[in-house]
2 protein chains.
Amino acid sequence: MSAILGRSGPRPQTLPDGARVLRSALATEGVATTDERFAAWLAECERTNRMLVERVPLTELRGWRFTEGDGSLVHESGRFFSVDGVRVTRTGRDPRSWGQPLIDQPEVGILGLLAKEFDGVLHFLMQAKIEPGNRRRLQLSPTVQATKSNYTKVHGGAATPYLEHFLRPGRGRVITDVLQSEQGTWFLGKRNRNMVVETTGPVPVLDSFCWLTLGQIRRLLTVPNLINMDSRTVLACLPVAASGWPDEPSGPGFAADLRRSVQAGEADGPHTDVEILSWLNDVRTETGQSVERVPLSALEDWRVSRDDIAHRDGRYFRVIGVSVESGHREVKAWSQPLLAPCGTGVVAFLTRRVDGVLQVLMRASVEPGFLDVVELGPTLQCDPANYADAPPERRPRFLDRVLGATGDVRYDVVLSEEGGRFHHAECRYMVVECDDAEAVEPHPDFRWMTVRQILSLQRHTNYLNVQTRSLLACLSSLW
Amino acid sequence: MSAILGRSGPRPQTLPDGARVLRSALATEGVATTDERFAAWLAECERTNRMLVERVPLTELRGWRFTEGDGSLVHESGRFFSVDGVRVTRTGRDPRSWGQPLIDQPEVGILGLLAKEFDGVLHFLMQAKIEPGNRRRLQLSPTVQATKSNYTKVHGGAATPYLEHFLRPGRGRVITDVLQSEQGTWFLGKRNRNMVVETTGPVPVLDSFCWLTLGQIRRLLTVPNLINMDSRTVLACLPVAASGWPDEPSGPGFAADLRRSVQAGEADGPHTDVEILSWLNDVRTETGQSVERVPLSALEDWRVSRDDIAHRDGRYFRVIGVSVESGHREVKAWSQPLLAPCGTGVVAFLTRRVDGVLQVLMRASVEPGFLDVVELGPTLQCDPANYADAPPERRPRFLDRVLGATGDVRYDVVLSEEGGRFHHAECRYMVVECDDAEAVEPHPDFRWMTVRQILSLQRHTNYLNVQTRSLLACLSSLW
């Protein structure tokens, strides 16, 4: 019967994918690529990959124009993306209303990571890629990072290498495939298709590409600005086995409690899975959110000039223009707008250890760009500068707790957001441990969860926001 | 620590909910209510519950009016729902464009089923409820069936009984809580919150309510027009254990293969879970769908009269008006529009038995009212009369196979759609078994799945459409 009906790829191996991913995660020394070879390859990429990025006024971006009356900033093809004004009105739990620019990019792009076994260990094909908005220009991206405009060649450029591994017909065995949201305060309804596809055939390795184990990537997540946002979100969507872990590190350490949290059963956390889902449904049904398009020129708190689009208090972000020249991209030269945050963000998990199992304090994050009102955000995600003189009740919860953390900081690394849309957008990613005796008050927007409970939602859309996924990837460096 | 942070309800019992639901499903004789008492209760409800429903012209519906130029049909309070025109444009796999009326009811209502253990067996509090659109007036509904307008008392009526069990604070232990879509070709973005909540306290039982085991309800699903749509969708969202089933019926029967399919592991089906999700993502990214509001009067193929809104060929459905008087409802008399389908629908699962495990042929159903483009539909869902003279390529796949089925029909019962919005909307729900040797061709819109794979998606939103959930409930009567 299967001859008649077909199967969409080879059957799963004897070992489940989650166990194979775990094996790769424990291969910290690499197999196909030694750490020495990796270092040499990265240095060579840094030396040879160049990109010239220059600020230009928005009015001088080739191919871009403001619509009538500064309504929005669009590309003349009608593709890629546009910068639009929106008025957000929120009712219910936290009623307020504001106007802001948002990037509208309705197409679903592909963030694709190619996987292949070497000596029985899964490796992932990472790309050294320069993006115009990156402060540290060259970062490690997934194998493929392509908007639909990009891979259907609207820009008239060369084909995206390795893309065929992710498209039908003919793609390999799918390990991960999920539509995931991106920054819901900067994008309107943007989702990318996060894919990990395994191939068993020969793969020619181009100059800017390198096979790494997940163990190697985990260690590189402690290097500032090296593993890019697109990599982090795809990595966070990999299945990880809940059983079959090696015993050490055993004992009462943070790493051991984290490992036990990844392997935790439903009864090991303070809430059942359905209680978590029910809480999100409470927020969804109690919160009304309307996002209405308005002309950029109608946003009272923002001003549009030939140079940029900016908030009148110098807060939040600006939209600026850049002109780019690159020898290594599908298109050699182009212009585009970038969203430039005004400060450095903080993205943090508060964690605690209870009975030998790590718990993470998750927040119901309502963001205007989300398809379904709310997703799970980390404990804290904000740009502290925006709240410098805010009254206490408007300051994000746990901001002072996180910024004041000292000895109990388990992770604290600056990482970049997407350099193809954002200019020098960096966040300080932090994992902070609370003393179990500390009084962290209950609040309807927060719930303590085990890492396994967070991971169980990674394969479905509209649950984990991009900051959570990023930090989930970072957390894996602490096992 | 839990004293500080609180828990949202009592911890799970020693036995997981899925196992307790299974135990209730196997209690076909009832515990709290014998079948005899149930029959007497139902007869008494039929005798005493009355509702007078009369057709009235749309222009004479109290509280309802057409907006300027027959734009849409709205309630003067701005609440409840409206009948709007939309233009649907679909690109990609099945490009076409059409205009139609849709019911716009943006609020999320509650379909709540109260659960309680009697002698260690879960019972569910069913309500005998009359709806104006039902042909068989009195049907069994969940404990609570309330729109937000309803339970926030926009209509100025009495409180909905038992509603407090489903609202914060103070609700009981949540067994099920998921936002589920309803008819995506009749509703615009409608979702209801499907909830099952367990209480351990005393519950006074009002006249029109009755405690039944899931086993009793399963048998009642073979009675035409008795278990209403809202009950079916909530029942389909109950967790059912994948292990711990009794051995019989063993052997090669349909029921045995169905039971094995409910207990199946991922390797027992032709596709892995991620392959199924990946297929849905293919459809999501390859299909463009825009749903644009237009005035009802701008729909070329539809005409608006004082009497009804109807398709010019007498196809699909009409929107009609009714005036209602009831002694048993929160409000004693009201008027409202109802959507009246022109024919009787057919909703069918084609199934096959492979190596002792039942598989169901699921369809990627793209519907204009869905939040996320596509959900899993049954093999077939349509009104055959709409295709009476359609060319073969426009006839729904498997329509003739299902209507021509004879000896291999495992379930064939007429059941009603929601009588609060639809008038005499009935579908023939069918489960048809294919001979394994039959050539059912592969097609990109269809995938064979185990019942367990379908069930694994029931706790997340935007996966199983209402016809699938209805038929999944029906399927449980065949164990």
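Note that these values count all heavy atoms, side chains included, but never hydrogens, waters or copies made by symmetry.
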For the interface with chain A, which of [options] has the highest count of heavy-atom pairs at distances below 4.5 Å?
options                                : result
B:Thr176, B:Asp372, B:Val108           : B:Asp372
B:Leu167, B:Val274, B:Val178           : B:Val274
B:Leu280, B:Ile110, B:Leu277, B:Leu457 : B:Leu277

Okay, B:Arg459 and chain A: the region with an atom under 4.5 Å from a heavy atom over there is both
query: Considering only heavy atoms from C-beta outward, does the side chain of B:Val354 approach that of B:Trp448 to under 4.5 Å?
result: no
Does any non-hydrogen side-chain atom of B:Glu292 lie less than 4.5 Å from one of B:Thr89? no
By side chain to side chain donor-acceptor pair (under 3.5 Å), B:Gln458 pairs with (sequence neighbours left out) none
Taken in chain and number order and not counting sequence neighbours, the residues that satisfy ring pair (Phe, Tyr, Trp, His ring centres under 6.0 Å) with B:Phe166 are none
